[in-house]
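Position 1 is the first residue of the sequence; numbering continues from there. Whatever order the structure lists them in is the order used to number ligands and atoms, beginning at 1. Below, each value reflects all heavy atoms present in this structure, side chains not excepted, and no hydrogens, waters or symmetry copies.
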Amino acid sequence: MDVHTNIPLKNYLTMKLGGAARFMTTATTPEELATACRNARAQAIPLFILGGGSNVVAKDEGFPGIIIRNRILGFEVIEDTATTTTIKIGAGEIWDEIVAKTVAMGLTGIEAMSAIPGTAGAAPVQNVGAYGQEIAETLIELEAYDTETDRFVRLQNADCGFSYRHSIFRGEAAGRYGIISITLRLFKAAPQPPFYTALQNYLDERSITLFTPSVIREAVIAIRTDKLPDPKLLPNTGSFFKNAIIEQWQLDDLRKTWPDIPAYELGEKQVKIPTGWLIEQVGLKGQLLHGMRIHDKNALVLINESAANYHDLAAARAEIIGKIRDTFRIQVEQEPLEL
Ligand code: EPU
């Protein structure tokens, strides 16, 4: 296993900014991953396991420890019944290639999460979701290397603490586990309406009434291509902010001033407010702040157009968060992880 030193992180992150990693290595097997983690522990340096780099931003001072790039591959059907197929997937597999494969097998469960950049092992960390599906709905269990106990473990869905764009892997257990594989149970069935509004509208406009995993995948790819900038061409990390979760009473209060504020019921008197809408209302959609462009087709996305460094990104972020707080008294949070 080669270990490289002083590696510019911007070459490995789709936002294309940030300083250097002190060390970087690539793990292609669970044993290599464990060895790299043990070495980091022995040297008392921090470690970070990186997937595709599409949901991570790095600070200008860089990362003082070792970045382990997870390239553990694998795609194995481990159970096949009349109604379901259960597949174990290596954490280093490209997520969208997995979606494409399962769609080609006629399976439903992750087709609405088509064209999301990144790796399979990164998907549970932020409980990836799109167009009405999230990985928490199909993930049965995952295998991980536990850096605390120096053991390989299997965590069940309920152990992962999934909620909206969140799990223990970016919460209480951040940095503890190196994910090795994920096991998904997908269904031999047609995708079931009602679909997410944007998806339903797309299907209606084209009078599509026969719903197959492949039809949904193609529709999602078309919608995403139109709304989300390709990170290969325009550096970005997808949604840069989470949608805001607030209490129903706060919404009732806000509606006195903004009667049209969109909101989705979450139960337990909580509602989700699209942060893209908030950014639009404060007049920032399409604007350039400190070299960061607020995407004109979806204000949740920040594109690194000409930012010199992380400092610029942080300045743009502070302005956006501050304006929303001052106007709506809502505190919005960043979505990508931060090194
Ligand atoms: N909206 C605006 N202005 C905008 C953007 C959104 O008013 O500029 C409002 C509209 O009311 C719209 C609503 O937000 O109806 C929802 O917008 P959209 O369907 O585009 O989704 P989103 O909330 O912007 C979320 C996810 C995306 C995911 C889409 C589709 C988060 C943080 N983002 O975006 O995920 O693809 O839904 O399911 O939850 C990502 O996490 O990187 C990501 C791209």
Asn298, portion touching ligand 1 at heavy-atom distance under 4.0 Å: both
To check your reading of the model: name the closest protein heavy atom to atom 15 (O) of ligand 1, its residue, and the distance in Å. Tyr264 OH, 3.7 Å
Which option wins on minimum heavy-atom distance to atom 28 (C) of ligand 1: Gln126, Arg165, His295, Glu280? Arg165
Shortest protein contact, atom 22 (P) of ligand 1 (heavy atom only): Leu300 CD2, 3.9 Å
Are Phe240 and ligand 1 in contact, using a heavy-atom cut-off of under 4.0 Å? no
Under a 4.0 angstrom heavy-atom cut-off, which atoms of ligand 1 come close to Lys285? 3 (N), 4 (C), 8 (O)
Go through the steps for Phe195 and Phe211 under the test ring pair (Phe, Tyr, Trp, His ring centres under 6.0 Å), then give the verdict. CA-CA 10 Å; Phe195 298 114; Phe211 309 127; 4.9 Å; yes
Who's the nearest protein heavy-atom neighbour of atom 20 (O) of ligand 1, and how far? Lys227 NZ, 3.0 Å
If we count only N and O atoms by modelled type, under 3.5 Å, do the side chains of Gln248 and Asp252 hold a donor and an acceptor together? yes
Among all protein heavy atoms, pick out the one at the shortest distance from atom 23 (O) of ligand 1; state its residue, atom name and that distance to 0.1 Å. Asn243 ND2, 2.9 Å
Distance-only polar pair, side chains of Glu338 and Tyr310, donor-acceptor under 3.5 Å: yes
Tyr131 to ligand 1: N or O pair under 3.5 Å? yes
Is the shortest side-chain heavy-atom distance between Met24 and Phe63 below 4.5 Å? no
Glu265 and Gln270: side chain donor to acceptor below 3.5 Å: no
Consider ligand 1: state whether an atom of it lies below 4.0 angstrom from any non-hydrogen atom of Arg224. yes
Which of these, Glu335, Lys272, Gln133, Lys242, has its nearest heavy atom closest to atom 41 (O) of ligand 1? Glu335
Output yes when a protein non-hydrogen atom is found under 4.0 Å of atom 10 (C) of ligand 1, and no otherwise. no
Please compare Trp277, Tyr196, Phe241 and report which has the shortest non-hydrogen distance to atom 29 (C) of ligand 1. Tyr196
Residues Gln200 and Asp204: side-chain donor-acceptor under 3.5 angstrom: yes
Do the side-chain N and O atoms of Glu143 and Ser181 include a donor-acceptor pair separated by under 3.5 angstrom? yes
Say whether Arg317 and Gln334, considering side chains only, have a donor N or O and an acceptor N or O under 3.5 Å apart. yes
Which bit of Ser239 is near ligand 1, meaning a heavy atom under 4.0 Å away: side chain, backbone, both or neither? both
of all protein heavy atoms, closest to atom 14 (O) of ligand 1 is Pro274 CB, 3.0 Å
Return the residue, atom name and 0.1 Å-rounded distance of the protein heavy atom closest to atom 31 (C) of ligand 1. Tyr164 OH, 3.3 Å
Partner of Glu141 under side chain to side chain donor-acceptor pair (under 3.5 Å), picked from Lys88, Arg185, Arg154, is Arg154
Nearest-contact summary for atom 6 (C) of ligand 1 - protein heavy atom, Å: Gly276 CA, 4.0 Å
Scan side-chain atoms only and decide if Glu111 and Ser114 contain a donor-acceptor pair under the 3.5 Å cut-off. no
Between Tyr145 and Asp150, a side-chain donor and acceptor under 3.5 Å: yes
What are the atoms of ligand 1, with element, lying closer than 4.0 Å to any heavy atom of Gly238? 42 (O)
Identify the residue among Asp80, Thr83, Thr84 that makes a side chain to side chain donor-acceptor pair (under 3.5 Å) with Lys188. Asp80
Short N/O distance, under 3.5 Å, between Ala299 and ligand 1? yes
